[in-house]
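First the structure, in the form of structure tokens, and then the observations on it.
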Amino acid sequence: MPEKFTKPYDHKATEGAIYQKWEESGYFNPDNLPGERKEPFSIVLPPPNVTGTLHMGHAAMLAVEDILIRFERMRGKKTLWIPGTDSAAIATQSKVEDILYKTEKKTRHDVGREDLLKRIDAFTDESKSTIVNQLRRMGSSLDWSRYTYTMDEKRYKAVMEAFVRMYNAGLIYRGNRIVNWDPKLQTTVSDDEIEYKEQTDSFYHFQYGPFVIGTVRPETKFGDKYVVMHPNDARYKEYAHGQQIDLEWINGPITATIIKDEAVDMEFGSGVMTITPAHSLVDFEIAKRHGLDIETVIDERGILLPIAGEFAGQHIKKARPAIVEKLQKKGLIVKTDEKYVHNIATNSRGGGIIEPQIKRQWFVAVNKEFERDGRFVTLKQMMREALENKKISITPDHFEKIYYHWINNLRDWCISRQIWFGHRIPVWYKTELGSDMEAIHFKEDTLTEKLGLTDEKAFDRFSTDLLEKSGWKDKNILWGSIRNGTIQLYIGYINVLKQKGLLDDNWINQNRINKSQREAEMHVGEKPPADIGWYQDPDTLDTWFSSGLWTFSTLGWPEETQDLRTFHPTSVLETGYDILFFWVARMILMSGFLLNDVPFKRVYLHGLVRDAQGRKMSKSLGNIIDPLDMIEKYGADAVRLSLIVGAAPGNDIKLSEDRVRGYKHFANKIWNITRFILDASEAAPVGKILPEDQSVIDETKQAVQEATTHIEKFRLDLAVDTLYQFVWSRFADVILEESKPLLRGDDAQRASSRSAALTQALTIILAALHPFMPFVTEEIWSSLPGKKDLLMVEAWPAK
RNA sequence: GGGCGAUUAGCUCAGUUGGUAGAGCAACUCUUUUACACAGAGAAGGUCACAGGUUCGAGUCCUGUAUCGCCCACCA
């Protein structure tokens, strides 16, 4: 018997070496697997953030997926588990920007786009190895030869291709619509990334002509010239739709128009409201229904525009009390509720408070019909049908209801982001200015005076100089145009001037004439047309756009690769229920349109890992259990089991260190069972199994069969429970105890028979436990006499 | 406001088509020349949230109530 069995199982001395053996065997790669394997089984790893570290949620995901992969590999399938990491666009860029500011006191505008991207690349390269090694520590049998990164060259190509195809099918369009604008991160945010947070504010009731209107946001009220009420509201039946009323408002007399619309809740407040279409989705829709004017009141930075009169140029936060004070003086405040509790929209990706803005952005049309297989369908329909036709099933199944509910409420998906790190939109513009970004116009003399520049040549030199210092490559972005005494400057240019302290918001808002957006000649494609003067859209794509391609971009799409033919659709997509909509639904959308197929056949949703009290693990609560600490202390096998047992699909897992410790004991139990059996087989050499000992094997097989059924139903929790019960309470406590007298008895034939039966039962147990506890089982396997190949490719001991 | 879950031993959770309540952990008693004290043997622990109903029979099916959780929407 090997020396090591005289001591308790030592995971630290074992796990590293075992993983190395697996990797060296090449068996993680389906092309190297022994025997003839026809049936494929594939999973793509939901790619963790490249700059992140492993947390318990990842650990749970890895445990489940590795169990499924190892189980199917042992069942003789051609198994592929594709590793990858995600660029996590916004999160990563913010992180690098933070570092930049902390170490060099610079913003991204100081260093410029190209330089920032270089810094991000360096940062991600450096941290990539951390997460990749942590994935290995869990024992994950990922095929590293197929490792992918969302921002690598092939994936970039796939994203470009997808965009172009969807654009050509009319499913991607550019439109001016109200979007969720994050003034802190200066980018749009998709509907799904918004998180509502409760907040207490003052709620003001204002006298608005004969009406009383309420608001928590007086600073948006400058543009309000429509007063809306329900058509059936008897209190206001004397007022007619379209009727005009003169009244006194914040900055003097205005004329308001009565609008009757059913969107108004008669029960709320006075049943009358004014609308701010440019900064509220509901108001925007009312305005569109009635063809009303839509006026922007607040700019991208939260600064009030000239429409605010004397308040123009102020930040909304500062302006609010001043506006309230003015209304108070004018006697227009009826009353104020100090403690009004309401929800405000925030950017869940660490951003600020969402300020709806009307912006020109790129969208995916989910309700637009296109031709497919001789009929007209919409993306929404396709997403719905994938489940209705049972091409995809979700475990646990009640999530299917939630999925349908989400689809039904789905609006067009805003896919453009104003951050720099990400897949850049493959669209090119050509105007005399180089793009059709937003521009602001000024009177020529005001600007030349402000910057101390006397003529156009001086301005040109000034710009060129600025250009060099700021590192911008494309001169066209920085320059504006002068014509008819008006200077037109791009937002990007203005931002640079602001950072240099040459202009400030106050001045801009007082001197601007208007804003414009020029139509440009447009080309959609990865590369610009051959002639010069084309300028690429500065925006990048929503990170979920590229994530949506993940099941097939990782397999080489758009090329017709062998991998794509063999492994797509993937067998199972396993992820947390928290990204069902972000990711799962979008993969169904993308795969449906681009491949006319589903991305996976089965969705398995695991729960979230919480602490022992059921709270989310967070830094602020200080209740984070680090999977690597746990692996260090108790071994990866124990960590895996602790995340599987008691975790029914979709249920949250309450994890405590005690649980992990408990499963370390189980690893040791198996270790000692082996020691006992090796001992026995040395004392009583393995012989022919007599009929009276056959039951030991039969019973073992039956337990494994039961576990197999559970795994097939994705009840890994029950499967491991079955095996645990059998091994500990039945095999160790009863069968081994009963065997002792037989092994030491006078009947040598019986002793050999029993010893043989136990040895065989042990091999079955080891094989059955291997997907769950790969390290300890593989280590024991290597010490059993007569075993040549690795346990990971041994045949599964049940049908 | 709409939707989806949950409520079973001190804690965490199983409980397949209805047939006398299960596991792990913790706690209790005993056991150490025993494969394993990271152990074994034993005992204890439950009005299955509550109230009705269907049934020969309900933790399981139906109705309602309460509490907790999550998702979606959102009121100016």
Side-chain angles (χ1 to χ4, degrees), chain A residues 1 5-9 191-192 194 196 203-206 208 212-218 220-221 224 227-229 263-276 279-283 286 340 342-345 396 398-406 408-410 577-578 580-581 607-608 610 612-614 634-635 638 641-642 645-648 650-680 706 709-710 713 715 717-718 720-722 724-725 728-729 732-734 736-737 739-740 743-744 758:
Chain A
M1 181 172 59
F5 284 106
T6 58
K7 285 175 283 185
Y9 172 58
D191 291 347
D192 302 281
I194 286 181
Y196 289 94
F203 187 88
Y204 304 97
H205 299 263
F206 297 136
Y208 188 82
V212 173
I213 58 159
T215 187
V216 281
R217 306 200 54 198
T220 64
K221 294 283 140 193
D224 291 15
V227 56
V228 190
M229 58 209 69
V264 178
D265 181 358
M266 288 189 269
E267 308 291 315
F268 188 83
S270 62
V272 175
M273 65 176 187
T274 59
I275 55 169
T276 313
H279 303 291
S280 152
L281 179 67
V282 178
D283 293 3
I286 294 172
Y340 179 70
H342 65 135
N343 288 326
I344 52 156
H398 76 258
F399 280 103
E400 295 191 5
K401 286 185 207 164
I402 298 174
Y403 176 84
Y404 286 128
H405 186 256
W406 181 80
N408 292 338
N409 292 312
L410 188 61
Y577 62 73
D578 52 331
L580 177 63
F581 306 132
L608 307 182
R610 296 170 179 280
Q613 279 109 61
Y634 306 111
L641 284 194
S642 70
V645 181
N651 280 12
D652 289 351
I653 304 150
K654 294 197 179 104
L655 187 75
S656 63
E657 192 165 335
D658 279 346
R659 277 173 65 94
V660 186
R661 192 183 302 119
Y663 294 108
K664 177 186 186 255
H665 297 174
F666 184 52
N668 192 54
K669 187 75 183 178
I670 302 163
W671 191 253
N672 279 300
I673 288 170
T674 306
R675 176 181 173 178
F676 175 83
I677 292 174
L678 286 178
D679 225 8
E706 204 179 308
T709 312
H710 286 312
K713 289 180 183 162
R715 290 305 303 269
D717 55 324
L718 299 181
V720 76
D721 194 51
T722 304
Y724 185 102
Q725 286 306 319
W728 202 309
S729 310
D733 291 349
V734 179
L736 290 193
E737 291 304 323
S739 301
K740 284 176 185 172
L743 292 166
R744 288 172 201 137
L758 291 178

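Chain identifiers are assigned alphabetically (A, B, ...) following the order of the sequence lines, protein sequences preceding nucleic acid strands; residue numbering begins at 1 within each chain. Source: prediction; values computed, not measured. All values below were derived from every heavy atom in this structure, side-chain atoms included, with hydrogens, water molecules and symmetry-related copies excluded.
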Can you tell me the pairing partner of B:rG45 across any strand shown, Watson-Crick or G-U wobble, with both distances under 3.5 angstrom? none

Look at the side-chain N and O atoms of A:Trp728 and state whether any lies under 4.0 Å from the OP1 or OP2 oxygen of B:rC36. no

Kindly point out which of B:rA23, B:rA35, B:rC72 is positioned nearest to the side chain of A:Gln725? B:rA23

Could you measure between the two C1' atoms, the one in B:rC13 and the one in B:rU8, and give it in whole Å? 9 Å

How far, in whole Å, is B:rG5 from B:rC62 if one measures between their P atoms? 11 Å

Using side chain to side chain donor-acceptor pair (under 3.5 Å) as the criterion, point out the one residue from A:Glu657, A:His665, A:Arg659 that pairs with A:Tyr634. A:Glu657

Considering only heavy side-chain atoms of A:Tyr340, the closest of B:rC25, B:rA76, B:rU12 is B:rA76

Non-hydrogen atoms of A:Trp671 and A:Lys7 that approach each other most closely: NE1-O, 2.8 Å

Closest nucleotide of RNA chain B for A:Asp679 versus for A:Ser729: which of these residues is on the 5' side? A:Ser729

Whether over 12 other heavy atoms sit under 6.0 Å from A:Lys713 NZ: no

Any strand, both distances under 3.5 Å, Watson-Crick or G-U wobble: B:rA27 pairs with none

If you apply the rule side chain to side chain contact (heavy atoms under 4.5 Å, CB included), what do you find for A:Tyr204 with A:Lys221, and how did you get there? CA-CA 12 Å; A:Tyr204 304 97; A:Lys221 294 283 140 193; over 6 Å; no

Looking only at B:rA35, B:rA14, B:rC38, the nucleotide nearest the A:Phe676 side chain is B:rA35

Could you give the CZ-to-C1' distance, from A:Arg610 to B:rA6, as a whole number of Å? 13 Å

Any strand, both distances under 3.5 Å, Watson-Crick or G-U wobble: B:rA58 pairs with none

One should read off an interatomic distance between A:Tyr196 OH and A:Ile344 CD1, to the nearest 0.5 angstrom, of 11.0 Å

Looking only at B:rA76, B:rA35, B:rC4, the nucleotide nearest the A:His398 side chain is B:rC4

Calculate the interatomic distance between A:Tyr663 atom OH and B:rA23 atom P; express it in whole Å. 14 Å

For nucleotides B:rG45 and B:rG40, find the distance between their P atoms and express it as a whole number of Å. 23 Å

Roughly how many Å is it from NZ in A:Lys654 to C1' in B:rU12, rounded to a whole number? 7 Å

Can you figure out which of B:rA76, B:rA35, B:rA23 approaches the side chain of A:Asp721 most closely? B:rA23

Span that lies between the P atom of B:rC61 and that of B:rA23, in whole angstrom: 23 Å

Selection from B:rA35, B:rA41, B:rA76 that lies nearest to any side-chain heavy atom of A:Asp733: B:rA41

Look at the side chain of A:Asn343 and the base of B:rC74, then say whether one donor and one acceptor between them are separated by less than 3.5 Å. yes

Could you give the distance separating B:rA44 and B:rC28 at their C1' atoms, to the nearest angstrom? 7 Å

Any-strand Watson-Crick or G-U partner of B:rG1, both distances under 3.5 Å: B:rC72

Output the rounded distance in Å from NE2 (A:His342) to P (B:rC75). 11 Å

Between B:rG15 and B:rU7, how far apart are the two P atoms, rounded to whole Å? 10 Å

Calculate the interatomic distance between A:Lys740 atom NZ and B:rU33 atom P; express it in whole Å. 14 Å

Output the rounded distance in Å from CG (A:Asp224) to P (B:rA76). 13 Å

Just name whichever nucleotide pairs with B:rC50, Watson-Crick or G-U, keeping both distances under 3.5 Å, else none. B:rG64

Of the listed nucleotides B:rC74, B:rA76, B:rC4, the one nearest the side chain of A:Tyr196: B:rC74

A:Phe581, nearest nucleotide to its side chain (from B:rC71, B:rG24, B:rA76): B:rC71

Expressed in whole Å, how much space separates the P atoms belonging to B:rA39 and B:rA27? 13 Å

Quick one: A:Ile286 CD1 to B:rC74 P, roughly how many Å, whole number? 13 Å

Between B:rA26 and B:rA66, how far is it from one P atom to the other, in whole Å? 39 Å

Side chain to side chain contact (heavy atoms under 4.5 Å, CB included) evaluation trace for A:Val228 with A:Val272: CA-CA 6 Å; A:Val228 190; A:Val272 175; over 6 Å; no

Please determine, for the side chain of A:Asn651, which listed nucleotide (B:rC38, B:rU12, B:rA14) has the closest atom? B:rA14

Whole angstroms only, please: what is the CD-P distance between A:Glu400 and B:rG5? 12 Å

When you get a sec, tell me which of B:rC36, B:rG15, B:rA76 is the closest nucleotide to the side chain of A:Asn668? B:rC36

Complementary nucleotide of B:rA9, counting Watson-Crick and G-U pairs under 3.5 Å: none

